[in-house]
K.L.:
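This is the structure I want to talk about, given as structure tokens.
This structure is a prediction, so every number in the text was calculated from the model and none was measured.
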Amino acid sequence: MFFHIKELQFHAKPERPDPVYARKLQEVLGGQFGEITVAMQYLFQGWNVRGDGKYKDLLLDTGTEELAHVEMLATMIARLLNNAPLETLEDAAKDPVIAAILGGSNPQHAIVTGLGAAPTDSNGYPWNSRYTIASGNLLADFRHNLAAESQGRLQVARLYEMTDDRGVKDMLAWLLARDTMHQNQWIVAIKELEAKEGVVVPTTFPKEREIQEVSHVLFNFSRGQESAQGPWAHGPSPDGATFQYVANPQPHAPEPHLPPAPPYIHDTPPKVFRSQNMPHMPPQ
């Protein structure tokens with residue numbers, strides 16, 4: 001059961017209208033790493049937990065907070081559109097071609113949403129549930145959560161640098177701080193799960209069923225040997241094994257040769273390939 005509290009978690013009021021920046025904010029609202037994504041991701045991860053306890057509660061706490069961030073951003077976007085000239089573009093973009101490249105205001109903010117936010121990214125692409133991960137394996141999910149928060153905080157930091165509006169910066173500073181907390185909480189949660197069950201997901205799959213001779217080998221598949229200098233090439237691995245490095249990896253199987261497809265498939269006829277392999281014969 002959810003309750004909506006009318007007050008915002010933090011201020012979301014700009015100093016002045018700015019429809020161009022309103023479009024930019026759409027990215028951290030409805031983009032791949034936006035607040036809608038993490039809200040849905042954490043909530044579905046929490047709802048799908050088959051058991052009670054602190055991990056489920058942590059997910060639902062954080063997912064519900066992210067809904068508050070969605071509302072903050074939607075409110076900020078709506079206020080940035082208040083009394084704004086709809087034809088406003090980047091100040092430097094006087095030429096229509098340059099304006100199109102740099103990106104101006106979003107006409108859908110006026111035509112579709114009536115000066116309000118939308119569940120889309122900064123280019124108007126609709127939010128997609130495929131951005132989310134809820135696998136039922138908490139260690140795998142928490143690692144994805146850490147990546148999502150890292151990308152999200154990176155985008156918010158970039159947006160912070162794109163405005164001098166004090167009101168916008170204040171809200172983004174709050175979001176940056178909360179992303180700091182969320183990154184840290186997933187880091188410690190990951191470490192706790194790793195200490196309990198191991199580091200390679202899924203930890204329940206029997207190791208003897210994999211070809212263990214290559215389980216901890218770094219193959220050099222690019223020019224140069226720089227990758228050999230990292231700790232992932234030599235020494236102990238996080239799961240207690242020993243890393244190895246192969247400078248010149250060799251194939252373990254011969255070149256494959258597939259039989260022709262049946263005639264009803266209508267692939268390229270086998271005779272075409274045979275003619276390519278026939279030696280050149282001089283004309284008679």
Side-chain angles (χ1 to χ4, degrees), residues 27-28 31-34 37-38 41-42 45 55 58-59 62 121-122 125 128 130-162 175-259 273 276-277:
E27 191 63 37
V28 291
Q32 181 178 3
F33 301 107
T37 293
V38 287
Q41 179 160 300
Y42 301 160
Q45 287 177 5
Y55 300 123
L58 175 64
L59 285 163
T62 313
D121 67 14
S122 54
Y125 184 81
N128 193 326
R130 288 189 178 272
Y131 297 154
T132 65
I133 294 292
S135 71
N137 185 299
L138 288 178
L139 182 51
D141 285 352
F142 286 2
R143 286 173 174 171
H144 191 81
N145 295 351
L146 176 58
E149 291 287 350
S150 300
Q151 293 290 340
R153 190 173 190 274
L154 175 61
Q155 292 183 357
V156 172
R158 288 170 173 169
L159 281 164
Y160 185 93
E161 304 290 355
M162 294 180 185
L175 295 178
L176 287 164
R178 297 308 299 154
D179 287 348
T180 295
M181 172 59 195
H182 294 162
Q183 285 190 47
N184 277 288
Q185 76 183 41
W186 298 130
I187 289 171
V188 297
I190 289 166
K191 289 181 178 179
E192 182 174 275
L193 287 173
E194 289 176 344
K196 289 181 176 181
E197 58 173 314
V199 299
V200 178
V201 176
T203 60
T204 52
F205 189 83
K207 288 187 177 181
E208 62 271 15
R209 295 186 185 176
E210 64 181 66
I211 301 176
Q212 296 183 64
E213 289 82 357
V214 295
S215 292
H216 298 86
V217 177
L218 176 65
F219 293 115
N220 178 38
F221 281 123
S222 59
R223 182 178 294 173
Q225 302 286 326
E226 287 81 2
S227 61
Q229 301 170 13
W232 47 80
H234 308 281
S237 66
D239 62 355
T242 301
F243 285 123
Q244 302 172 54
Y245 179 79
V246 175
N248 299 296
Q250 300 299 312
H252 289 271
E255 178 185 356
H257 294 281
L258 302 178
F273 296 105
Q276 291 177 344
N277 296 325

K.L.:
Please find the pair of heavy atoms, one from Phe243 and one from Pro238, that lie closest to each other, and give the distance.
P.N.:
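Heavy-atom minimum between the residues: CZ-CD, 3.8 Å.
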K.L.:
Give the intermediate values and the outcome of side-chain contact (heavy atoms from CB on, under 4.5 Å) for residues Gln151 and Leu154.
P.N.:
CA-CA 5 Å; Gln151 293 290 340; Leu154 175 61; 4.1 Å; yes
K.L.:
Are any side-chain N or O atoms of Arg153 and backbone N or O atoms of Asp179, one a donor and one an acceptor, separated by less than 3.5 Å?
P.N.:
no
K.L.:
Could you give the distance from CG (Leu59) to CG (Leu138), rounded to the nearest 0.5 Å?
P.N.:
6.5 Å
K.L.:
So, Ser237 and Asp239: side-chain donor and acceptor under 3.5 Å apart, yes or no?
P.N.:
yes
K.L.:
How are the rings of His234 and Tyr245 set to each other: parallel, tilted or perpendicular (split at 30° and 60°)?
P.N.:
tilted
K.L.:
Between OG of Ser122 and CD of Gln155, what distance do you get to the nearest 0.5 Å?
P.N.:
8.5 Å
K.L.:
When rounded to the nearest 0.5 angstrom, what distance separates OG in Ser215 from CD in Glu210?
P.N.:
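One finds 3.5 Å between OG of Ser215 and CD of Glu210.
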K.L.:
Mind checking the CG-CG spacing from Leu218 to Asn220? Nearest 0.5 Å is all I need.
P.N.:
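Here the interatomic distance stands at 7.5 Å.
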K.L.:
Determine, stepwise, if the pair Glu194 / Arg143 fulfils side-chain contact (heavy atoms from CB on, under 4.5 Å).
P.N.:
CA-CA 11 Å; Glu194 289 176 344; Arg143 286 173 174 171; 2.8 Å; yes
K.L.:
Search all heavy atoms of Ala233 against all heavy atoms of Ala228 and return the closest pair with its distance.
P.N.:
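The answer is CB-O, 3.6 Å.
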K.L.:
Rounded to the nearest 0.5 Å, what's the gap from NE2 on His182 to CD1 on Ile187? Could you check?
P.N.:
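These two atoms lie 13.0 Å from each other.
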K.L.:
Quick test of your reading of the model: are Arg178 and Glu149 salt-bridged, counting only N-O distances below 4.0 Å?
P.N.:
no
K.L.:
Specify the closest pair of heavy atoms between Phe219 and Pro249, including all atoms of both residues, with the distance to one decimal.
P.N.:
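Between these two residues, the closest heavy atoms are CD2-CB, 3.6 Å.
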K.L.:
Taking it one step at a time, do Gln244 and His216 satisfy side-chain contact (heavy atoms from CB on, under 4.5 Å)?
P.N.:
CA-CA 6 Å; Gln244 302 172 54; His216 298 86; 5.6 Å; no
K.L.:
Is it the case that more than 12 heavy atoms not belonging to Tyr125 sit under 6.0 Å from its OH atom?
P.N.:
no
K.L.:
So, for Val188 and Gln185, which heavy atoms are closest and what is the spacing to 0.1 Å?
P.N.:
CG2-O, 3.2 Å
K.L.:
Would you sort out whether Trp186 and Phe142 count as a ring-ring contact (aromatic ring centres under 6.0 Å, His included), showing the intermediate values?
P.N.:
CA-CA 6 Å; Trp186 298 130; Phe142 286 2; 4.9 Å; yes
K.L.:
For Val199, is there any backbone N or O sitting under 3.5 Å from a side-chain donor or acceptor partner on Thr203?
P.N.:
no
K.L.:
State, with a plain yes or no, whether a side-chain heavy atom of Trp232 is found less than 4.5 Å away from one of Ser227.
P.N.:
yes
K.L.:
Check Glu27 against Gln32 and note the closest heavy-atom contact, atom names and distance.
P.N.:
OE2-N, 4.3 Å
K.L.:
Which pair of non-hydrogen atoms, one from His144 and one from Gln41, has the smallest distance, and what is that distance?
P.N.:
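Closest heavy-atom pair between His144 and Gln41: CD2-NE2, 3.2 Å.
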K.L.:
Quick one: does Thr62's side chain get under 4.5 Å of Asn145's, heavy atoms only?
P.N.:
no
K.L.:
Tyr55 and Glu192: side-chain donor and acceptor closer than 3.5 Å?
P.N.:
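Yes - a donor-acceptor pair under 3.5 Å links their side chains.
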K.L.:
Quick one: CG on Asn137 to OG1 on Thr204, what's the gap to the nearest 0.5 Å?
P.N.:
7.5 Å
K.L.:
Where do Asn248 and Gln250 land on the side-chain contact (heavy atoms from CB on, under 4.5 Å) test, with the steps shown first?
P.N.:
CA-CA 6 Å; Asn248 299 296; Gln250 300 299 312; 4.2 Å; yes
